[in-house]
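Notes to accompany the following structure.
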Amino acid sequence: MTLRLFNTLSGQLDPLAPSDGNVLRMYACGPTVYDYAHIGNFRTFLQIDVLRRFLRLTGIEVKHVMNVTDVDDRIIRNAAEAGVPIGAYTAEYERAFFEDLDWLHVERPEQVARATENIPRMVELIQKLEEKGAAYRTEDGSWYFRLAAFPAYGKLSKKDLSGMEDGARVDVDEYEKDSARDFALWKAAKPGETSWETLIGRGRPGWHIECSAMAMTYLGESFDLHAGGEDLMFPHHENEIAQSETATGKQFARHWMHVRFLLVDGRKMSKSEGNFYTLRDLLLKGYKASAIRLALISVPYGRQLNFTFDGLTEATNGIERLRTFRARLTEGAFAAGENPQLREMAQTAQQNFRAALADDLNTAGARAPVFDLVRSANTAIDQGQFLAGDRDAILAVLKDFDSVFDVIEDHDAEPTRLALEWAEQTGRMANVAPELLARQSITDEQVEALVAERAQAKKQRNFARADAIRNELTQKGILIEDSKDGVRWKRK
RNA sequence: GCACCGGUGGCGAAGUGGCUAACGCGCGGGUCUGCAAAACCUGUAUUCGCGGGUUCAAUUCCCGCCCGGUGCUCCA
């Protein structure tokens with residue numbers, strides 16, 4: 001089943017497959033590590049994770065390169081304010097970034113490329129551009145890309161810049177550029193700033209050249225897919241195309257995927273607006289990593305997602321339904337035999353699940369057949385028509401689902417625990433929700449003991465005592481379920 | 001201003017030129033239960049922003065309008 005993915009460049013759904021028939025080579029713009037990433041950032045990384053996982057589900061191997069921008073104006077400024085070298089400053093946020101990805105179960109890229117470790121590649125690329133007459137040096141030692149050297153500029157974002165006259169609304173004199181729209185490739189060193197001594201002078205790379213150089217270094221001059229947030233389409237990705245294609249004369253990325261923005265309560269969220277939540281903020285409010293993951297991927301990548309706390313609660317409850325169902329399947333005792341109807345339903349669900357994802361990663365559509373199957377199977381169980389031989393077919397569908405969504409398998413305790421640890425270390429305990437602390441205040445062993453005591457009380461028909469224990473547990477976020485197969489408990 | 005995207009039940013959201021408009025969450029009723037929980041059954045949009053057009057037939061195509069969002073500048 002070939003994935004058809006919207007291609008910003010062609011403006012249509014294009015099949016996505018490895019051009020070498022072997023490994024799909026993709027580049028995705030990663031973080032600038034100058035602060036904790038916010039959930040808007042993670043929406044993008046999560047959707048790219050969905051892409052990766054679906055490709056692998058369909059048998060396609062992926063080589064995914066992600067850059068880490070560890071030098072730029074904000075980093076230099078913040079590090080200077082903190083009075084530390086930029087390397088020390090960025091290390092903390094890079095570590096936190098990958099920790100966050102782990103908590104969200106975002107798969108690591110095959111290759112992480114740091115800007116500061118690839119300076120020579122960038123310098124080479126700028127030299128190549130100079131040879132082609134597409135790069136020039138200004139008096140202060142900075143280098144710029146000559147936009148006039150790339151007539152196709154604007155083909156990605158569908159902008160026609162030909163009608164824009166220099167000097168009309170833009171100050172041409174600034175930075176001594178030939179044209180106001182020429183963009184920086186290399187920024188000359190300023191006193192006291194981090195810089196590199198290179199063949200093109202002392203300075204540091206511009207943002208756009210980083211991605212071009214690193215993408216081509218690790219993936220070759222032409223590769224299959226380039227992904228990123230919608231805001232990067234212009235100018236960042238447009239500039240990458242201009243630089244790369246001018247240098248090589250070849251098509252840069254064949255396919256471009258842009259993840260639409262996340263809004264918070266209907267408003268755009270960004271660091272500059274200051275209205276953002278980090279993953280850690282949400283964990284300390286008591287939301288589970290899985291719920292955050294599901295909430296951020298359930299709306300397909302091509303649509304804006306309006307983030308709300310109600311949405312997180314909804315995701316939490318949906319996940320509970322799936323987990324409860326799977327526990328019912330794995331723990332329940334069923335009569336021997338097989339129910340052909342269920343087998344067929346499982347097959348249909350699996351097909352529809354994959355078909356929805358193959359259709360431009362329609363995650364919302366992909367959930368439906370799985371939930372349909374859950375209801376059908378639950379009904380069968382209630383009616384005693386579910387047989388032992390049906391279990392594997394149904395579990396296989398859940399496995400498929402989780403190979404992409406990855407929320408049924410419960411990994412939630414660890415991120416919450418680590419976030420609390422982090423809060424303690426960094427003096428953020430005031431941000432922790434009281435309910436979360438209440439939940440953390442009881443150990444599994446203590447719960448087990450109370451559950452056993454309650455069972456005993458029930459046996460003696462001492463319902464008052466049993467209910468008192470249940471209330472006590474409920475207050476600590478422990479939910480009790482009595483079933484034929486025994487007592488089950490879980491943390492809210 | 002220009003460009004792009006969206007407006008589907010209480011909320012989120014899928015989808016289609018014509019069968020009963022998915023799915024999830026929530027809410028009401030019921031079954032089960034000592035009571036709950038879970039699960040199931042059932043009810044929750046005579047209707048898909050508004051107006052017009054095309055068509056035998058439009059939520060789905062076209063035009064206009066209104067509303068929301070985003071991009072055009074650093075930003076996932």
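A note on names: the letters A, B, ... follow the listed sequences, proteins ahead of strands, and every chain is numbered from 1. The structure displayed is predicted, hence computed values, not measured ones.
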On a whole-Å scale, what distance lies between the [atom1] atoms belonging to [N] and [M]?
{"N": "B:G53", "M": "B:U16", "atom1": "P", "answer": "26 Å"}
{"N": "B:C50", "M": "B:G43", "atom1": "C1'", "answer": "30 Å"}
{"N": "B:G49", "M": "B:U59", "atom1": "P", "answer": "10 Å"}
{"N": "B:G18", "M": "B:G1", "atom1": "P", "answer": "37 Å"}
{"N": "B:A21", "M": "B:C5", "atom1": "P", "answer": "29 Å"}
{"N": "B:A22", "M": "B:A38", "atom1": "C1'", "answer": "24 Å"}

Value in whole Å for how far the [atom2] atom of [N] lies from [atom1] of [X]:
{"X": "A:F405", "N": "B:C23", "atom1": "CZ", "atom2": "C1'", "answer": "11 Å"}
{"X": "A:F261", "N": "B:C5", "atom1": "CZ", "atom2": "P", "answer": "17 Å"}
{"X": "A:K158", "N": "B:C2", "atom1": "NZ", "atom2": "P", "answer": "21 Å"}
{"X": "A:F234", "N": "B:C4", "atom1": "CZ", "atom2": "C1'", "answer": "14 Å"}

- Aromatic ring pairing A:F145/A:F183, orientation class (parallel under 30°, perpendicular over 60°, tilted between):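 If you compare the ring of A:F145 with that of A:F183, the planes turn out parallel.
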
| Is the A:F42 ring parallel, tilted or perpendicular to the A:F97 ring (thresholds 30°, 60°)? |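 Geometry flag for A:F97 against A:F42: parallel rings.
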
Name the nucleic acid region contacted by [X], choosing base, sugar-phosphate or nothing; use a 4.0 angstrom heavy-atom cut-off, strictly under.
{"X": "A:F371", "result": "sugar-phosphate"}
{"X": "A:I480", "result": "base"}
{"X": "A:E230", "result": "sugar-phosphate"}
{"X": "A:G40", "result": "base"}

Check: protein-nucleotides 7-17 of chain B nitrogen or oxygen pairs below 3.5 Å:
| residue | atom | partner | partner atom | Å |
| --- | --- | --- | --- | --- |
| B:A14 | OP1 | A:R303 | NH1 | 3.0 |
| B:A14 | OP2 | A:R303 | NH1 | 2.2 |
| B:A14 | O3' | A:N362 | ND2 | 2.8 |
| B:G15 | OP1 | A:N362 | ND2 | 2.9 |

*When only distance counts, do a donor and an acceptor, one from the side chain of A:R74 and one from the base of B:C74, lie under 3.5 Å apart?*
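Side chain to base: no pair present.
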
Between [options], which nucleotide has the shortest distance from any of its atoms to the side chain of [X]?
{"X": "A:R470", "options": "B:A76, B:A36, B:A39", "result": "B:A36"}
{"X": "A:T324", "options": "B:A38, B:A36, B:A22", "result": "B:A38"}
{"X": "A:T379", "options": "B:A38, B:C35, B:C40", "result": "B:C40"}
{"X": "A:D382", "options": "B:G34, B:C40, B:C23", "result": "B:C40"}
{"X": "A:L262", "options": "B:A38, B:A76, B:A36", "result": "B:A76"}
{"X": "A:N41", "options": "B:G24, B:A76, B:G34", "result": "B:A76"}
{"X": "A:N317", "options": "B:G26, B:G34, B:G69", "result": "B:G26"}
{"X": "A:N378", "options": "B:C40, B:C74, B:C35", "result": "B:C40"}

Between CG on residue A:D73 and CG on residue A:N78, distance to nearest 0.5 Å: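 Going from CG on A:D73 over to CG on A:N78, the span is 10.5 Å.
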
Between [Y] and [X], is there a side-chain heavy-atom distance shorter than 4.5 Å?
{"X": "A:L342", "Y": "A:L387", "value": "no"}
{"X": "A:W256", "Y": "A:L225", "value": "no"}
{"X": "A:S179", "Y": "A:Y144", "value": "no"}

Show the atom names and distances, to 0.1 Å, of all donor-acceptor pairs under 3.5 Å that link a side chain in residues 292-306 of chain A to residues at least two apart or in another chain.
| residue | atom | partner | partner atom | Å |
| --- | --- | --- | --- | --- |
| A:R293 | NE | A:F405 | O | 2.5 |
| A:R293 | NH1 | A:D49 | OD2 | 3.0 |
| A:R293 | NH1 | A:L104 | O | 3.0 |
| A:R293 | NH1 | A:H105 | O | 3.0 |
| A:R293 | NH2 | A:D49 | OD2 | 3.0 |
| A:R293 | NH2 | A:V404 | O | 3.0 |
| A:R293 | NH2 | A:F405 | O | 3.4 |
| A:S298 | OG | A:L294 | O | 2.8 |
| A:S298 | OG | A:R367 | NH1 | 2.9 |
| A:Y301 | OH | A:D360 | OD1 | 2.6 |
| A:N306 | OD1 | A:D265 | N | 3.1 |
| A:N306 | OD1 | A:G266 | N | 2.8 |

In plain terms, say whether [X] and [Y] are close enough for a salt bridge, that is, a side-chain N and a carboxylate O under 4.0 Å apart.
{"X": "A:K63", "Y": "A:E110", "result": "no"}
{"X": "A:D444", "Y": "A:R491", "result": "yes"}
{"X": "A:E331", "Y": "A:R488", "result": "yes"}

| request: With A:H226 as reference, evaluate A:H64, A:H236, A:H255, A:H237 under the ring pair (Phe, Tyr, Trp, His ring centres under 6.0 Å) test and give the passing residue. | output: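 Single pass found, and it is A:H237.
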
Just N and O in the side chain of A:R321: are any of them under 4.0 Å from OP1 or OP2 of B:C40?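 Yes, such a contact exists.
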
Check your understanding: Under 4.0 Å: is that the gap between some side-chain N or O of A:R260 and OP1 or OP2 of B:A76?
Key ->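 So the side chain of A:R260 is outside the cut-off, no N or O lying under 4.0 Å from OP1 or OP2 of B:A76.
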
For RNA chain B, the expected dot-bracket line (Watson-Crick or G-U under 3.5 Å, [ ] crossing, | inter-strand) is (((((((..(((.....[....)))((((((.......))))))....(((((..]....))))))))))))....

